[in-house]
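These notes are about the structure you will find just below.
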2 protein chains.
Amino acid sequence: MPSPLLLEEYCQFFRLLSEPARLQLICQLRAGPMDVAALIEATGFSQSHISRQLGQLQRAGLVSCERDGVRTIWSAEGALVDELCSLVQTRLKRRLENQLAQLQSA
Amino acid sequence: MPSPLLLEEYCQFFRLLSEPARLQLICQLRAGPMDVAALIEATGFSQSHISRQLGQLQRAGLVSCERDGVRTIWSAEGALVDELCSLVQTRLKRRLENQLAQLQSA
DNA sequence: CGGAGGTATGACCGTAGCCGCATAAAGGCG
DNA sequence: CGCCTTTATGCGGCTACGGTCATACCTCCG
C-alpha cells in the first residue's frame with residue numbers, strides 16, 4: 001500500500017480531474033493550443049473561472065501557457081490524461097456490458 | 001474530445017479517487033479482503049463514515065462485499081486503480097526530476 | 001423471543017471549493 | 001502618456017460533501 005503522503009498526492013491529482021470544468025479545459029486543449037477567448041466560447045464558463053482553473057492545472061503541470069503579446073495561448077502536452085480517461089472508459093464500458101448481460105439472462 | 005456526458009462520467013469516477021479516505025480503503029482492500037473492523041483499525045475513521053464510502057465505491061463497482069454471517073467481508077478486484085495510480089506516480093516522479101534538474105542547472 | 005454484535009441510514013454541522021461580479025494588474029497602441 | 005484589451009485576483013453566495021452522533025436494521029445465539 002502506498003504511503004499516506006503519496007496517497008494524498010494521488011488524491012490531489014485526481015481531484016483536479018474530478019471537476020467537469022477542469023477536465024473539459026484539458027480535453028479542449030488536447031485538441032490543440034487555444035487562447036482564453038476560445039476556451040470561454042467552447043465551455044461557456046466565465047473568464048475569471050477559467051483563469052482560476054487553468055492556474056490550478058498549470059501548477060500541477062497539466063497545462064502550460066505562452067504569452068503572445070497581450071493574449072495567452074494555453075496548451076496541454078502529454079497523453080497522461082488521455083490514458084487515464086481511456087482506462088476509465090474501458091472500465092465503464094465493461095461495467096455496462098455486464099449489467100446488460102445480467103438483464104438479458106434474466 | 002469526449003462528449004459532455006462521458007466527460008461527466010469520468011469526473012464522477014475521478015471524484016471517487018480524490019478523497020484520501022476512499023482511496024485508502026481501496027488500497028487497503030487491494031492487499032486482500034478485510035472486514036469492517038479491520039478497516040476501522042487501519043484507517044481510523046468512524047464506522048458510519050467507512051460504511052458510506054464503501055457504499056459509494058460499491059455502486060461504482062470498485063469494491064464488492066460478501067456477507068459472512070453477521071460480518072461483511074469487503075474486497076477490491078481489478079487492477080484499474082493500481083494502473084491509474086501507477087501512471088500518476090510516474091508523472092509526479094518525472095515532474096520532480098525536472099524541477100530538480102532546473103535547480104541543479106541554476 | 002430477547003439481547004448482543006455488526007452494519008446501514010437519517011439528521012446535522014462545518015468547511016471546502018465552485019462560480020460569477022467587480023476590479024486591479026499587465027501589456028500593447030495611438 | 002492615456003486608453004483599450006486581455007488576464008489575474010479579492011470578495012461573497014451557494015451548494016456539495018466529508019465527518020460524526022444517534023439510531024434503526026439485520027443476523028446470530030442462548
Side-chain angles (χ1 to χ4, degrees), chain A residues 4-5 7-29 33-76 81, chain B residues 4-5 7-29 33-76 81:
Chain A
L5 266 70
L7 214 132
E8 185 84 23
E9 293 282 333
Y10 291 161
C11 286
Q12 289 189 14
F13 191 92
F14 288 131
R15 196 186 66 78
L16 289 176
L17 306 182
S18 72
E19 200 63 29
R22 280 190 294 264
L23 192 54
Q24 196 178 350
L25 286 175
I26 296 176
C27 291
Q28 283 286 348
L29 292 177
M34 300 176 69
D35 67 345
V36 179
L39 290 172
I40 293 176
E41 169 71 21
T43 65
F45 287 105
S46 72
Q47 178 268 323
S48 65
H49 191 52
I50 290 181
S51 176
R52 279 181 212 282
Q53 305 312 319
L54 287 175
Q56 289 193 43
L57 296 175
Q58 185 184 30
R59 278 190 291 278
L62 286 174
V63 303
S64 59
C65 67
E66 176 189 4
R67 300 205 66 124
D68 171 29
V70 64
R71 292 190 178 173
T72 306
I73 307 298
W74 292 84
S75 55
V81 176
Chain B
L5 266 69
L7 214 133
E8 185 84 23
E9 293 282 332
Y10 291 160
C11 286
Q12 290 189 13
F13 191 92
F14 288 131
R15 194 186 67 78
L16 290 176
L17 307 182
S18 73
E19 202 63 25
R22 280 190 294 263
L23 191 55
Q24 196 177 350
L25 287 175
I26 296 176
C27 291
Q28 283 286 349
L29 292 177
M34 301 176 69
D35 68 345
V36 178
L39 290 173
I40 292 177
E41 169 71 20
T43 65
F45 287 105
S46 69
Q47 178 267 323
S48 65
H49 191 51
I50 291 181
S51 177
R52 280 182 211 279
Q53 305 313 320
L54 286 175
Q56 290 192 44
L57 295 175
Q58 185 184 32
R59 276 190 293 277
L62 286 175
V63 303
S64 59
C65 66
E66 176 189 4
R67 301 204 65 124
D68 171 29
V70 64
R71 293 190 178 176
T72 306
I73 308 296
W74 292 83
S75 54
V81 176

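In the text below, chain A, chain B and the rest are named by the order of the sequence lines, each starting its count at 1. Computation of the quantities below employed the complete heavy-atom set of this structure, encompassing side-chain atoms and omitting hydrogens, waters and symmetry-equivalent molecules.
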Can a donor-acceptor pair under 3.5 Å be found between the side-chain atoms of A:Ser48 and the base atoms of C:dC21? yes

Please give, in whole Å, the distance from C:dA22 C1' to A:His49 NE2? 17 Å

For DNA chain D, which residues in residues 11-21 of chain B have a heavy atom at a distance below 4.0 Å? B:Arg15, B:Glu19, B:Ala21

Quick check: do B:Leu25 and B:Val63 have side-chain heavy atoms less than 4.5 Å from each other? no

For B:His49 and B:Ala21, which heavy atoms make the closest approach, and how far apart are they? NE2-CB, 4.1 Å

Of the listed nucleotides C:dC19, C:dT7, D:dG19, the one nearest the side chain of A:Phe45: C:dC19

Closest non-hydrogen contact found for B:Ile40 with B:Phe45 is CG2-O, 3.6 Å

For A:Gln24 and A:Ala42 the tightest heavy-atom approach is NE2-O, 3.9 Å

Shortest non-hydrogen separation from A:Arg22 to A:Leu16 and the atoms involved: NE-O, 2.8 Å

Using whole Å, what does the distance between atom P of nucleotide D:dC29 and atom CZ of B:Arg71 come to? 12 Å

Nearest 0.5 Å, please: how far is CZ in A:Arg59 from CD in A:Gln12? 11.5 Å

Which residue in the set B:Leu62, B:Ile26, B:Leu39 passes side chain to side chain contact (heavy atoms under 4.5 Å, CB included) when paired with B:Leu54? B:Leu39

Between C:dC19 (C1') and A:Arg22 (CZ): distance, integer Å: 12 Å

In whole Å, what is the span from the CG atom of A:Asp68 to the P atom of D:dT6? 12 Å

Bend angle of the helix from C:dC1-D:dG30 to C:dG30-D:dC1, from helix axes over five pairs at each end, nearest 10°: 10°

Please give, in whole Å, the distance from C:dG27 P to A:Arg67 CZ? 6 Å

Could you give the CG-to-P distance, from A:Asp35 to D:dA8, as a whole number of Å? 12 Å

Under 4.0 Å, heavy atoms only, any strand: does A:Gln58 hit a base, just the sugar-phosphate, or nothing? nothing

Atom of A:Ala76, atom of A:Leu29 and distance for their closest heavy-atom approach: CB-CB, 3.7 Å

Taken to the nearest whole Å, CZ/A:Arg59 to C1'/D:dT9 is 12 Å

Of the candidates D:dT20, C:dC18, C:dT9, the side chain of A:Gln53 sits closest to C:dC18

Whole angstrom value for the distance that separates P of D:dG19 from CG of B:Leu54: 13 Å

Nearest-0.5 Å distance, CG of residue A:Leu23 to CD of residue B:Glu9: 12.0 Å

Select one nucleotide: of C:dG20, D:dT27, C:dT9, the one nearest the side-chain heavy atoms of B:Val70. D:dT27

Nearest heavy-atom approach of A:Trp74 to A:Val36 is NE1-CG2, 3.7 Å

Checking contacts here: which listed nucleotide (C:dA8, D:dG18, D:dT7) is nearest the side-chain heavy atoms of B:Gln47? C:dA8

Given D:dT9, C:dC18, C:dT9, identify the nucleotide with an atom nearest to the side chain of A:Arg52. D:dT9

